[in-house]
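One structure is given here, and the rest of the page talks about it.
Residue numbers start from 1 in every chain, and the chains themselves are labelled A, B, ... in the order their sequence lines are given, proteins ahead of strands.
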Amino acid sequence: MSSIFEKLQDIPRGLIFGLVIIAMAYPILNPIGLPITVGQTSKDAFNAVDETEDGSFVVFHVQYGAGGKPTLQPAAIAVSHHLFQKDVKVIYFVDNPVDLANTYEIFDKLDPAKYGKSYGEDYVVLSLTGPFLTQAAIVLGNLIETVPKDSEENNLVDLPMFEGYTETEDIGLVFQLTTSGDVSEGWVYQAVSRYNIRLVGGWLSMMTSSMIPYYQAGQILGFIDGSKGAADYEVLANHPGDAVMITDILSLTQLIYLALIVVGNIGYFGAKSLGEGKS
Amino acid sequence: MEFIRSGRILPFVALILFGVLMWVYRDQAKKGKVPWIKRIPAFNAMEEAVGRATEMGKSVVMVPGRGSLTDLFVAQTVAGLTVLNYVARLCARNSVKLWVPMANALVIPVARENVHDAYAAEDKLDEFDPVETLPFVSGSQFAWAAGVIGYYAREKPAANIMVGPFWAESMMLAESAARIGAVQIGGTARLYQIPFFAAVCDYVIIGEEMFAANAYLTRDTEVIVSLATTDVFRLAGWAIIVIGAILSTVGIKVITELLGV
Amino acid sequence: MVSMDIGVWIAAFFTIAATSYVFKDNRVFKFAEHTFIGTAAGYQVAWNLTQLNRIGIEPMMNKGMFQYVFPIILGLTVYTQYHKDYYWIARYGVAFMVGQGMGMAMRAKVSSDFIVQLQATTAPLTNINGILVFVLVLTGLLHFVFTVQRVDTEPFSTLVKIGRYGILIALGASFGNTVMTRLGQYQGRMIFLIRDWLALIS
Amino acid sequence: MSELVRRNVPLIITFLVGMVMVLEYYTVSPEIMAVAEQINTWRVILYACVYLGTINLLRLHGRRVMRRTEGQWYFSAWTILIIVAYAVLGLYYGVESTNYRWMMDNVNVPLGSTMYASLAFYMAAGAYRVLRARNLGVALLLASAFLVIMGNTPLFPAMFPWFAAVRNWIFDTFVVGSYRAIRIGVGLGGVALGIRTLFGLETGYLGRRRGE
């Protein structure tokens, strides 16, 4: 009898890997199409973006690199769809070539011309470097003087969108997507605390616990909680994409994960109770 | 008060108060009045773990994290090295084999000096071999994790103590060591990795407990002074919350508004 | 029809190579890992030199910002740290970096991480959630008090225990969210392999 | 003189620069703000001059190639080649060029995202073995993790909506409360470290040399 409990605790790794791979591949080939229950934090993020003042600037920070791309790129696309429907000017900024590639992929998938938006008039991409808090201080408070050119070597002052730009007062929202805790915290210190600018965040869901005190205290207006939040935003912006597909797949893989925990504990307590029974 | 930015008066006063309080504690510490420091329960767990290794004739693995001495996580790396010294003394005393996988070139000389002092204090220097005890495994995350997991599988250590800054590899280490039945004590102040240690280790050191552990072991006045000052502010915050919440429940919002000055 | 784009094939190779480590550490993974380390270091050089030129050198040459020569000198001092006699010169660059970094990092913490958090917790205790947050913050704060002996005695030590259990439940929730993070991340790669590479779905 | 130049002047620089950054946050003085803006720009230019990480990497792998470290030197040779190639091509094509973006999309993104994503397998295979309700503390942690995972799995809220409600309740109460206490502690600790560093009490970063 005890051998069953021992076996339950020791399912071979190969079998588990096979289960996980199948659970990931199967729903891609034939989607289950489960309904998405949109969370309150995603609604708050959507409303905060929606309520951004017309004619104002939105600072969009793309900082999830390669590691966060599968989770957060769909959110960047969904939010960009939403922003391009509004009368706002978007400043995308990055500090490495991977995020630059991610940003330009957003435009490929988005086709700004469809929204009547053009580079230099409605949106721009800036390349920066340096410690993050310093980058944020420059973008929010001292951009024109410090960053002479954009990512396409145009002089910032020559771009139509920056005509009459008066730095901090013109910024109606900071929207950030990151996999780094220092960056998500750093935006609270710089955007909210130093410059008093509205902030909406997006990050991997493992970061939500350490950031939620800022949301509950009203410092962050709303946030995108990993791929689940990205799927919510895709639904809210009615542009279903990869995130909706990922949450579909999540159902199966997480189901297997839960089953493994239950099986493991049954094996553990079964063997333990038998072990006590014997001695 | 146009000089101070609006909404920043209270934080500015609090910051100055913080600095003054630190100065007062430092001054008292110079005169020998050092604040009391709580002994962290994790130390008992470490002693039991090394004791178990002695009985089983197996080795002890101690990982002081994967940070450097010049990055943001220097405070955690220093706390990890302090615990390393404590564990090294326990191992030297019981002639238990110690293995400390190194991940950062800058940390190696400091760690080796640290363990050398521990063995010297227990006058077991003859049993101390720096290259064998503190090998440089790798500078890259996954290669380093592979090296450590390989050691667990081969040597099957009796205890695995991980205190310092850790990243995604913490899950791999904790899981692999648990699989060979090692007693585990895990501690980090990197918020995202604490859940793994809490779920998997037999004892978890959460966030700031690491720095208290450092202060308890080294009696370093700078660290104790900082802890004492933060404790005063924590307890002040405690009182403000209790009074503020009760008053605002009965409709008096004075504390909440005062905090916004 | 399987993708004909050479770039997608390279990406598929590296995706499979990087996954192989999970099954067994192998040379293909080692190749992938060393490529990853090399590309990251390589593009960092190209990226920073481009920004140095754009933000520092060009304004210095064309716009008369001559003072930008000082940060360049400070930056070059950092390389003396390996020199036997002039290692101390590096301290000037490091001191500037640490002063600016620490000043910037520390200045907003008093309000963002302390005063605003206190203010948010003085909300009226009118619903169960608010009361629970109130109790958890108070017991959690006591859990991290290390230099006040009184807190180590009853009744506070019971509150500390409650605080620790609250923290463990919160850590469990964080663990649950981390499961979604990790599983969600690989699914993005699986979509790439099935859709973009093998084109088994549109 | 040497003590002043070797140690004290750098400490004074740290203090002055740090104070300007702090005062720029707390005061409205335009002069301090102008100095702080210059310091920020200098910091970016200085950052773009420091390549110690890459140099250390080249030294490490260069040594392995020189010594022909068995089973490693050709990987190191490859790493050096890749570092040089990505640096030179980045400058030649331009780091923002479509060619360089192609190199990012097809080499860095698959490598970086897959390496982190492969932790999913560790999460599944590994964690299953060790997640045991061994004591009350871990049992509470596991119960909370279990309920959150169910709330995050669209299957369950689709069947019973209160799964999502329970998951959100855990975050709105336990996570907000306990992590706020942790956050306050980490924040105050950061202030203490900041003050120690600016006032020269924490000089680890100066890298004391033996016999000084």
Side-chain angles (χ1 to χ4, degrees), chain A residues 9-11 13 16-17 19-20 32 34-37 39-40 65-70 97-98 100-102 104-105 127-131 134-135 137-138 141-142 145-146 151-152 193-194 205 208-210 212-213 216 228 247-248 250-251 253-258 260-261 263-265 268-269, chain D residues 25 33 36-37 40-41 43-48 90 94-96 98 100-105 108-117 120-121 123-134 142 145-146 149-150 152-158 161 164 168 171-172 175-176 179-180 182-183:
Chain A
Q9 287 191 80
D10 210 8
I11 299 174
R13 294 169 72 89
I16 293 172
F17 290 159
L19 267 173
V20 168
I32 312 164
L34 283 164
I36 305 272
T37 41
Q40 187 54 45
K69 182 175 181 185
V98 177
L100 187 86
N102 290 340
Y104 276 90
E105 191 186 285
S127 303
L128 276 164
T129 194
T134 309
Q135 289 181 45
I138 288 169
N142 187 29
E145 199 193 305
T146 314
S151 301
E152 301 187 359
S193 196
R194 167 66 184 84
S205 38
T208 294
S209 302
S210 70
I212 206 166
Q216 200 258 359
K228 189 181 169 314
T247 27
D248 212 31
L250 266 178
S251 288
T253 35
Q254 290 193 134
L255 201 61
I256 286 175
Y257 192 81
L258 292 172
L260 286 170
I261 294 177
V263 161
N265 274 278
Y268 174 74
F269 285 107
Chain D
Y25 175 84
M33 211 153 128
E37 278 166 5
N40 283 339
T41 311
R43 181 67 178 85
V44 168
I45 295 168
L46 193 160
Y47 181 94
V95 283
E96 290 130 344
T98 40
Y100 209 60
R101 292 208 304 261
W102 184 89
M103 289 161 68
M104 293 297 135
D105 278 337
N108 286 76
V109 168
L111 274 172
S113 56
T114 310
M115 268 193 196
Y116 276 97
F121 295 97
M123 202 71 191
Y128 135 78
R129 285 172 194 290
V130 293
L131 285 179
R132 303 287 184 262
R134 300 185 299 275
L142 266 188
F146 209 85
I149 296 171
M150 291 183 88
N152 285 342
T153 307
L155 195 65
F156 296 104
N168 294 334
F171 272 88
D172 293 343
V175 177
V176 165
Y179 268 85
R180 174 164 286 156
I182 294 173
R183 175 62 69 195

Which atoms of [X] come close to chain A, meaning under 4.5 Å heavy atom to heavy atom: side chain ones, backbone ones, both, or neither?
{"X": "M33(D)", "result": "side chain"}
{"X": "N108(D)", "result": "both"}
{"X": "A133(D)", "result": "both"}
{"X": "L142(D)", "result": "side chain"}
{"X": "F146(D)", "result": "both"}
{"X": "R180(D)", "result": "both"}

Taking every heavy-atom pair that is under 4.5 Å apart, which of [options] has the most such pairs with chain D?
{"options": "T134(A), L260(A), L258(A), V20(A)", "answer": "L258(A)"}
{"options": "S127(A), P35(A), S210(A)", "answer": "S210(A)"}
{"options": "N102(A), I256(A), V98(A)", "answer": "V98(A)"}

Need one label for [X]: side chain, backbone, both or neither, based on atoms under 4.5 Å from any heavy atom in chain D.
{"X": "P70(A)", "value": "side chain"}
{"X": "E152(A)", "value": "neither"}
{"X": "I138(A)", "value": "side chain"}
{"X": "S193(A)", "value": "both"}
{"X": "D10(A)", "value": "both"}
{"X": "L128(A)", "value": "neither"}

Once you round to the nearest 0.5 Å, how far does [atom1] of [X] lie from [atom2] of [Y]?
{"X": "L34(A)", "Y": "T153(D)", "atom1": "CG", "atom2": "OG1", "answer": "10.0 Å"}
{"X": "L250(A)", "Y": "N152(D)", "atom1": "CG", "atom2": "CG", "answer": "8.0 Å"}
{"X": "I212(A)", "Y": "Y179(D)", "atom1": "CD1", "atom2": "OH", "answer": "11.0 Å"}
{"X": "L131(D)", "Y": "Y257(A)", "atom1": "CG", "atom2": "OH", "answer": "5.0 Å"}
{"X": "Q135(A)", "Y": "Y47(D)", "atom1": "CD", "atom2": "OH", "answer": "7.5 Å"}
{"X": "L255(A)", "Y": "I149(D)", "atom1": "CG", "atom2": "CD1", "answer": "11.0 Å"}

- Query: Y116(D) and G67(A): which non-hydrogen atoms are nearest, and at how many Å?
  - Reply: CD1-CA, 4.3 Å
- Give the minimum heavy-atom separation between A66(A) and G112(D), together with the two atoms involved. CB-CA, 3.7 Å
Find out whether [X] and [Y] are in side-chain contact, i.e. whether some heavy atom of one side chain is under 4.5 Å from a heavy atom of the other.
{"X": "D172(D)", "Y": "Q216(A)", "result": "no"}
{"X": "M150(D)", "Y": "Q254(A)", "result": "no"}
{"X": "N142(A)", "Y": "N40(D)", "result": "no"}

- So among V175(D), V176(D), I182(D), which one has a side chain to side chain contact (heavy atoms under 4.5 Å, CB included) with S209(A)? V175(D)
- Message: Could you walk me through whether L100(A) and V95(D) satisfy the side chain to side chain contact (heavy atoms under 4.5 Å, CB included) test, starting with their C-alpha distance in whole Å, then the side-chain angles of each, then the deciding distance to 0.1 Å, before giving a yes or no?
- Response: CA-CA 9 Å; L100(A) 187 86; V95(D) 283; over 6 Å; no
- Message: Shorter than 4.5 Å, heavy atoms on both sides: which option in L111(D), T41(D), L46(D) has the most such pairs with chain A?
- Response: T41(D)
- Go through the steps to decide whether R134(D) and Y268(A) satisfy the test side chain to side chain contact (heavy atoms under 4.5 Å, CB included), and finish with yes or no. CA-CA 9 Å; R134(D) 300 185 299 275; Y268(A) 174 74; 3.9 Å; yes
- Query: Got a sec, which residues hit side chain to side chain contact (heavy atoms under 4.5 Å, CB included) with A101(A), two or more places apart in sequence or on another chain?
  - Reply: R101(D), M104(D), D105(D)
- Steps toward side chain to side chain contact (heavy atoms under 4.5 Å, CB included) verdict (T146(A), E37(D)): CA-CA 9 Å; T146(A) 314; E37(D) 278 166 5; over 6 Å; no
- Could you check N168(D) against Q40(A) for side chain to side chain contact (heavy atoms under 4.5 Å, CB included), going step by step and ending with a plain yes or no? CA-CA 9 Å; N168(D) 294 334; Q40(A) 187 54 45; over 6 Å; no
